S.K.: 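Would you mind keeping the following structure in view while I ask a few things?
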Amino acid sequence: MNVTTIATALFTIVELPYAYDALEPYISAETLHFHHDLHYAGYVSKLEELTQGTPYADMSLEEIITSSDGAIRNNAAQAWNHIFYFGQFSAKPQHHPTGALRKAIERDFGSVESCKEQMTNMAAALFGSGWVWLAEDGDGKLFIIAKPNAGTPIMDGLKPLLAIDVWEHAYYLDYRNQRKRAVEDMWNVVDWRIIGERYGDNG
Ligand code: MN
């Protein structure tokens with residue numbers, strides 16, 4: 001099973017695939033400027049600083065995540081997680097999963113609404129900073145996983161499909177302390193066509 005490879009030179013900042021205001025009113029341009037230009041870019045530049053002159057400087061983010069630990073792994077995972085997170089939204093999203101992904105979600109969670117509700121509740125309940133993921137194993141079984149800090153299913157050998165960033169920097173400018181409402185609104189801009197493509201990309 002191949003994890004979605006993020007095709008980029010290691011220390012390149014991947015631009016947003018839409019305008020900064022494209023996700024308004026659910027995610028503001030101000031939030032995206034801070035989140036992409038400062039937080040995400042900060043992880044990339046920290047990773048560059050930490051890996052200079054080491055064998056990691058020639059690896060892909062996925063290779064670093066699975067072969068390092070400590071600050072290098074944290075910054076590589078945060079770089080990967082953010083490219084993946086920003087890449088799942090669109091201004092004109094497909095609001096519902098279709099095809100094989102919809103069938104798998106209904107098989108493993110009962111319904112799409114139940115899957116979204118479980119993810120939202122786990123995001124609201126995760127203590128501190130972290131991520132909630134929809135991921136699949138090598139047999140195509142789906143899992144909802146909460147990971148603290150920089151955690152990603154790649155570390156568990158699972159393939160990520162969808163990410164909810166529950167670090168305060170992802171929502172605090174727009175939603176203050178209302179993390180659950182931020183996640184409920186986020187669903188309005190998740191493009192299930194993209195999630196479906198990730199699911200179909202089984203390698
Ligand atoms: Mn973030």
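Treat the numbers as computed from the prediction; the structure is a model and nothing was measured. Remember, it's 1-based here, ligands and their atoms both numbered in the order they're listed.
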S.K.: Check whether the ring centres of W167 and H82 lie less than 6.0 Å apart, and answer yes or no.
M.R.: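 Ring centres of H82 and W167 not closer than 6.0 Å.
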
S.K.: In plain terms, say whether E106 and K103 are close enough for a salt bridge, that is, a side-chain N and a carboxylate O under 4.0 Å apart.
M.R.: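 Result for this pair is no, no salt bridge flagged.
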
S.K.: Could D137 and K159 be called an ion pair, given the rule that one side-chain N must be under 4.0 Å from one carboxylate O?
M.R.: no

S.K.: So is R198 actually on top of F84's ring, under 6.0 Å and inside 45° of the axis?
M.R.: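 Yes, R198 and F84 form such a contact.
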
S.K.: Of all the N, O or S atoms in H169, which one sits nearest to the Mn ion (ligand 1)?
M.R.: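 Within H169, restricted to N, O or S, the Mn ion (ligand 1) is closest to atom NE2.
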
S.K.: Can you name the N/O/S atom of H82 that is nearest the Mn ion (ligand 1)?
M.R.: NE2

S.K.: With carbon and hydrogen excluded and only N/O/S kept, which atom of D165 is nearest the Mn ion (ligand 1)?
M.R.: OD2

